[in-house]
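Remember, predicted model here, so these are calculated numbers, not experimental data. So you know, we letter chains A, B, ... as the sequences are listed, proteins then strands, and number each from 1.
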There are 2 protein chains.
Amino acid sequence: MRSLDSTITKLKAEGFKLTPQRISVIKYMEGNPDHPSAGDIYKALKKKYPGLAFSTVYNTLRMLQKIGEIQAVNIAEDHMNYDPDTSSHFHLLCEECGKIVDIPSSGDLAECFRSSEISGHEVKSYQINMRGTCSSCLCGSSDPQRRL
Amino acid sequence: MRSLDSTITKLKAEGFKLTPQRISVIKYMEGNPDHPSAGDIYKALKKKYPGLAFSTVYNTLRMLQKIGEIQAVNIAEDHMNYDPDTSSHFHLLCEECGKIVDIPSSGDLAECFRSSEISGHEVKSYQINMRGTCSSCLCGSSDPQRRL
DNA sequence: CTGTATGCAAAGGTTTTGCATCGGG
DNA sequence: CCCGATGCAAAACCTTTGCATACAG
């Protein structure tokens, strides 16, 4: 997801309709670093757009996934999170504050997945998910953002 | 999970009770390469032990996780899978047959996670999940085990 | 206009919880 | 004996689905 404009252009090119609800979801995701869940998106947008259904959020997310504008992050145990940054990077779920933070992809790591063939299997995609404590919680030991 | 005996010994040492239901779950998991879900375990054991509750399966799995005898694998989209092999290795979800296969940890990959500090965050654990096509489905293109 | 997206509600699946009862240590 | 585990059922939660209506192109 580079920008609102490029995403909308892509939508049109792929033949999808531009409804206000879809645009609101796209706006919410664009540049959002918080890896929101479908529920987060629904709750946040429901205030502004009372006429918004849960299924519309899911449909829009699925559509954005299909055209490669967002990626689903399978790191939490009981729900999916969504990331507008589809470049190669990884995620850490902080066990203190519950946030999901981005981890840049190191050259060494990328090197391991250079080939699409690993142990005789064909690898089409991969995710690296970590758990631990994020830098904010490590420094500010008075944990200003503790949620758990 | 090394063996049935060692697991039972560990359970006793940790002060957990040895009930027939717990032992049946442990037996089912021990050496099982199929990464079953809680539902798989329940369905399989319900035949032999009609007196088995879903909650007991979940309780036992949580207990086994806590004492480090199994690990939860967060690779499927809508449920958790469980693996009695807690050594360092990764998983590939085959998009053809739906199976989860083990990928041995390479030295190069392990090297990347040598330090518990990455990008200023403290990493306590990590999972590498891949999607693609497993070697069985690649070879036997007549896909004898296709499920999707 | 036409076809598709929306909203609503209900279903489906997984996991959790509450409570009376049972049984292992 | 006693405390914790079990079984049962229901609830909670996330996600998907079906259908009539509304609306973008």
Are A:Met63 and A:Leu11 close enough that some pair of their side-chain heavy atoms sits under 4.5 Å apart?
-> yes

Is the closest side-chain heavy-atom distance between A:Tyr126 and A:Phe90 below 4.5 Å?
-> yes

Ignoring hydrogens and angles, answer whether the base of D:dC14 and the side-chain atoms of A:Ser37 contain a donor-acceptor pair closer than 3.5 Å.
-> no

Donor-acceptor pair between A:Gln71 and A:Thr86 side chains, under 3.5 angstrom = no

Any side-chain donor near an acceptor of the partner, A:His89 and A:Asp83, under 3.5 Å = yes

Check against side chain to side chain contact (heavy atoms under 4.5 Å, CB included), A:Phe16 and A:Leu64 | CA-CA 10 Å; A:Phe16 289 101; A:Leu64 289 172; over 6 Å; no

Please tell me which of the listed nucleotides, C:dT17, C:dT15, D:dG18, lies nearest to the side chain of A:Ser55?
-> D:dG18

Between OH of B:Tyr42 and C1' of C:dG13 the distance, given in whole Å, is 14 Å

Hey, can you pull the residues of residues 7-29 of chain A with a non-hydrogen atom under 4.0 angstrom from DNA chain D?
-> A:Lys17, A:Leu18

A:Leu52, A:Leu45, A:Asp40 screened by side chain to side chain contact (heavy atoms under 4.5 Å, CB included) with A:Val57, the one that passes = A:Leu52

For DNA chain C, what residues of residues 58-80 of chain B have any heavy atom nearer than 4.0 Å?
-> B:Tyr58, B:Arg62, B:Asp78, B:His79, B:Met80

So does B:Lys124 have more than 12 non-hydrogen atoms from other groups sitting under 6.0 Å from NZ?
-> yes

Any chance you could measure A:Arg131, atom CZ, to A:Leu92, atom CG, to the nearest 0.5 Å?
-> 9.5 Å

Starting at the 5' end of DNA chain C, which residue's closest nucleotide do you reach first, A:Pro50 or B:Phe54?
-> A:Pro50

